[in-house]
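In what follows, a structure is listed as structure tokens, so that the remarks can point back to it.
Reminder, nothing fancy here: chain letters follow the sequence lines and each chain counts from 1.
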Amino acid sequence: MSDNKIERHLYDVVVIGAGGAGLRAAIEARLAGKRTAIISKSLFGKAHTVMAEGGAAAAMGNANSRDNWMVHFRDTMRGGKFLNNFRMAELHAKEAPERIWELETYGALFDRTKDGKISQRNFGGHEYPRLAHVGDRTGLELIRTLQQKIVSLQQEDFAATGSYDSRIRVFQETTITELMLDGDRVAGAFGYYRETGEFLLFEAPAVVLATGGVGRSYKVTSNSWEYTGDGHALALRAGATLINMEFLQFHPTGMVWPPSVKGILVTESVRGDGGVLRNSDNKRFMFDYVPDVFRKQYAETEEEADRWYADPDNNRRPPELLPRDEVARAINSEVKAGRGSPAGGVFLDVSTRLPAEQIIRRLPSMHHQFKELADVDITKEPMEVGPTCHYVMGGVEVDPDTGAAFGRVQGLFAAGEVSGGMHGSNRLGGNSLSDLLVFGKRAGEHASAYVDTLQVRPRPAKVDVAAAVEVALAPLVRAAASSTGSSADSSTGSSADSSTGSSADSSAAPSADSSAGSSTASSAASSAGSLIAENPYTLQQDLQAVMGDLVGIIRREGELTDALKRLHELRARVANVGATGGRRYNPGWHLALDLRNMLVVSECTARAALEREESRGGHTREDFPAMNPTWRRINLVCSLSFGEVHLEHKPVPAMRAELLALFERSELSKYLTDEELAEVEEQ
Amino acid sequence: MKRHFRVWRGDASGGDLRDFDVEVNEGEVVLDIIHRLQATQAPDLACRWNCKAGKCGSCSMEINGKPRLGCMTRMSTFTDDETITVTPIRTFPVIRDLVTDVSFNYEKARETPAFAPPPGVAPGEYRMQQVDVERSQEFRKCIECFLCQNTCHVIRDHDENKPAFSGPRYFIRAAELDMHPLDDRSDRKEYAQASQGLGYCNITKCCTEVCPEHIKITDNAIIPMKERVVDRRYDPIVWLGRKIFRRDQLESADGAVPTVNPPMSSARLPEGPPVGPDGHMEIAELSAPTQGGLSPFGEDLSFPLPPEYVSYHHPERPSEA
Ligand SMILES: Cc1cc2nc3c(=O)[nH]c(=O)nc-3n(C[C@H](O)[C@H](O)[C@H](O)COP(=O)(O)OP(=O)(O)OC[C@H]3O[C@@H](n4cnc5c(N)ncnc54)[C@H](O)[C@@H]3O)c2cc1C
Ligand code: SF4
Ligand code: SF4
Ligand code: FES
């Protein structure tokens, strides 16, 4: 098999991630005249963004002319329970319409209103119909449009230089495992081609992270294998910081049956277009779960709620459209109270609410998905749904205007799901796709500007490259060593789903080697000859069990402490993970390398969840069930030093007065401390 | 319940079907079984997937000889004692196991001229009617699973046609742009005929049959494009008009895009070769920051180095460092 040849590439801006955020950043960097590389773990055009269904939120005011950026800003802050970085929420609300319109100039075809403008649909937490959409495959439209824009730029370059790849090149099925630094400056990125297993080194003064989320650490999730928190972990290891990691969004409506598709998303548009939630007593239970902070905006009777679809100006919205965290918790309590559906969810019904022909037109891919995967015709019967891990609000702490990562490192930028702050403690549906565009563009623009300020190009150090090679090869080396070792015949994996069994297993692993998170863990390779290498799939299942059972929707102090202990044990086992089968397109090896990222990010989540003693948005503590205004002022910031996660308190930036003035005093009083309110009063 | 599976394993150098007995539970799809094989019996079994819900088009494979998405093929569609044979899609070179090199498709995508925005229409000012966008929207549902490409007999087992034939996926792309209410080019059909090899298609409809998105590839894209190309060809006025006004565009579209295919050895987009077919160096080299390969010493170091930068230890006189 191939040796350790390392292919070297020189770029100005390297964008890691080919989802909406990455592609938008790359377009901007290329337009700024920078030589740009786009790197993606899967094929071009298959990133997670392709799965987004409902739409992209932008206050264009096409469906209701009263909508504007201020209303959108208000909704976003409310949805995030005021923990959002206000500046990001502001930029997002202001710039989203431009970014959506821009897509039309790239060739996007959104659904239209009667007067030919972009149609907008209702979604949870948005006061007016606001989501630009294409049926329920908006993400596909978005990513395909950006993909085709990149192709069109490549065609321009071809005409100018004779090479499609001369200014912007896509490295598909390529995984980055390590960022390279020169002092505190980013100097490039190291990774491997999945197809051949060969290594590559990108030398570039600026890196934009757009790697998406972390959901793969959970058993029930709408996320794909790509979501192993790579960008989060890369940033940590490079000296950047993560914020809000305790906030994970559990989407209220994932499929619960059949078991193999458990977690796959049922878009919120089902509810936006009239779908209602019922329990086994056939009751529309959401009316019982409207929290005080939202009481004024939501209907109290079914009649009022039903009138809203036709006449939103004179009626309040149905409670099915509460922000996701509220709906997810409500479903959770109904099921716990024994009023769930046979498969352990609740019923989501559109069949009695809309004519079949309309359901098929407005929700084509849901109709298709249920028909093909569950044999359920949603025009005739209700769906069974339950919460699924969907989105991580937390991420790289960035400067709101530029997307530059905080912490020690320079030249690192982040956009999209991997960045944190924009969504506070809970993201509104549809705010992600627009977030990708707004902050993707900004990150690309500012990464390019940063490159222009540099006098010398930072250079990766040879020792770092060598260390990265060693870490990458370690699982293969370990497996080879353990299979030639004498004790190879006893079974490799502990039983798949028992997180409890894991502690017993780990006693066999070397307790000395606990530096899994750092880049020096490679020594394990040589010392592990006598041990049996761990199976990556088993480890992943064990990790998922820990996170799903102990750091799930509802959290408790004892369980979180327990989770941290188990994660620590897993760390030793992950340091001993092995993969057989060589370097060519070997999913076992790929997973083995992703595990250490999942682990360090999971630890951040568990640590922050234990620290935050309140319930807010995507973080619910059974032992601290209420929102606490004092905690609203605090961001929990994670960093990594010598392989250990550190947690710090940092104040949430205070909103500017003119933005505060957009809210009524009575509303502010639900979120702010008395002290803050007094200040507001003075102004 | 245990079921019998035969899965092709191997790589470009060859391979064969391997037998597996594997647990199957209610409601599962073929992709679940592949995952179970990875987790229990064959950790290095290569297979692409992302969404598990028929949205990304990654998990294309041939199941009992039929091109299908693994994630949308339910186990309940097979009889209880049926052996299920899973092979990689055949039209593209195998990389490993169920993963094939689909770069052919990305090359064809790059050759298809992009959307041309209407001049003078500002962003935000685009106005289109729903009925007008719907025709193109049908084609934009495409998830790029390439099953239609895989099944089309023009290139299945006929590598020699690949350079000249873009395949149904790119016919619908041309049709989509042709029907786009605001696209500024009017030569999409001619392009399909002249440069995409539309003429090779003899409307067998196999592509439509396998499309998981149920796009009516032949009826709604290929046939209308063929018909209208025919119209234009024989309509002297349209022909004349085209000659006068569209010549330049046609030229740049056909002339500039060579349909030479480099050997398809890699799934990533091919790098511009250092030397082109004409024996000359790529002009792109000139636009690159450096000519030739990268220096192993970094780009900001020039030789010879000043003496104080050179550390040399004389083998016999170590003191003279
Ligand atoms: C089922 C579903 C439905 C959704 N619906 C909506 C919706 O209706 N509206 C909305 O606003 N949001 C929605 N979301 C959320 C939204 O789709 C995502 O948050 C968003 O697409 C994330 O985009 P991104 O650009 O940050 O990353 P992604 O699109 O996830 O892309 C990540 C990229 O990074 C690459 N990558 C990751 N790690 C590495 C590495 N180590 N090396 C190289 N490359 C790497 C991946 O290959 C991929 O290309 C939905 C999400 C899901 C799962
Ligand atoms: S209809 Fe044409 S494109 Fe489709 S499979 Fe047949 S020959 Fe190929
Ligand atoms: S047209 Fe249909 S079969 Fe062809 S690539 Fe697109 S989705 Fe797949
Ligand atoms: S995994 Fe996405 S289509 Fe099958």
Non-hydrogen atoms of chain B under 4.5 Å away: do they reach the side chain of A/Leu140, the backbone, both or neither? side chain
Which portion of B/Val99 sits near chain A, non-hydrogen atoms under 4.5 angstrom: side chain
Quick check on A/Glu53 against chain B: is it the side chain, the backbone, both or neither that has a heavy atom closer than 4.5 Å? side chain
State which residues pass ring-ring contact (aromatic ring centres under 6.0 Å, His included) with A/His590; sequence neighbours excluded, sorted by chain then number. A/Tyr192
Give a yes or no on whether a salt bridge exists between B/Glu144 and A/Arg144, defined as a side-chain N under 4.0 angstrom from a carboxylate O. yes
Is any side-chain N of the basic residue among A/Asp165 and B/Arg110 closer than 4.0 Å to the acidic one's carboxylate O? yes
Of the backbone (N, CA, C, O) and the side chain (C-beta and beyond), which part of A/Gln155 lies under 4.5 Å from a heavy atom of chain B, both, or neither? side chain
Quick check on A/Leu373 against chain B: is it the side chain, the backbone, both or neither that has a heavy atom closer than 4.5 Å? both
Within a strict 4.5 Å, meaning less than it, do heavy atoms of the B/Pro43 and A/Tyr537 side chains meet? yes
Interface moiety of B/Leu45 toward chain A, non-hydrogen atoms closer than 4.5 Å: backbone
B/Arg74 vs A/Asp375, test: salt bridge (Lys or Arg N to Asp or Glu O under 4.0 Å). Steps then yes/no. CA-CA 10 Å; B/Arg74 306 180 68 199; A/Asp375 225 352; 3.5 Å; yes
Is the ring pair A/Trp225/B/Trp49 parallel, tilted or perpendicular, if the boundaries are 30 and 60 degrees? tilted
Distance only, no hydrogens: is a donor on one side chain within 3.5 Å (strictly under) of an acceptor on the other, for A/Lys114 and B/Gln130? no
I'd like to know if the side chain of A/Gln148 pairs up with that of B/Arg140 as donor and acceptor (distance under 3.5 Å, no hydrogens or angles considered). yes
Check A/Asn586 against B/Arg96 and note the closest heavy-atom contact, atom names and distance. CB-NH1, 3.8 Å
Side chain, backbone, both or neither: which part of A/Ser222 has a heavy atom under 4.5 Å from chain B? neither
Quick one, A/Trp101 and B/Glu125 - any side-chain contact, counting heavy atoms below 4.5 Å? no
Nearest atoms (heavy-atom pairs only) where B/Ser58 meets A/Lys46: OG-CD, 3.2 Å
Considering only heavy atoms, which portion of B/His35 lies under 4.5 Å from any heavy atom of chain A: side chain, backbone, both, or neither? neither
Using heavy-atom distances under 4.5 Å, tell me whether B/Asn50 contacts chain A through its side chain, its backbone, both, or neither. both
If one checks every heavy atom of A/Glu226 against chain B at 4.5 Å, the contacting part turns out to be side chain
Heavy-atom cut-off 4.5 Å, strictly under: side chain, backbone, both or neither for A/Arg99 against chain B? neither
So, the part of B/Ala39 with a heavy atom under 4.5 Å from chain A: the answer is both
Nearest heavy-atom contact between A/Tyr585 and B/Ala46 is O-CB, 3.2 Å
Which atoms of A/Thr105 are under 4.5 Å from chain B, going by heavy atoms: the side chain, the backbone, both sets, or neither? both
Regarding B/Asp132 and A/Arg112, does a basic nitrogen lie under 4.0 Å from an acidic carboxylate oxygen? no
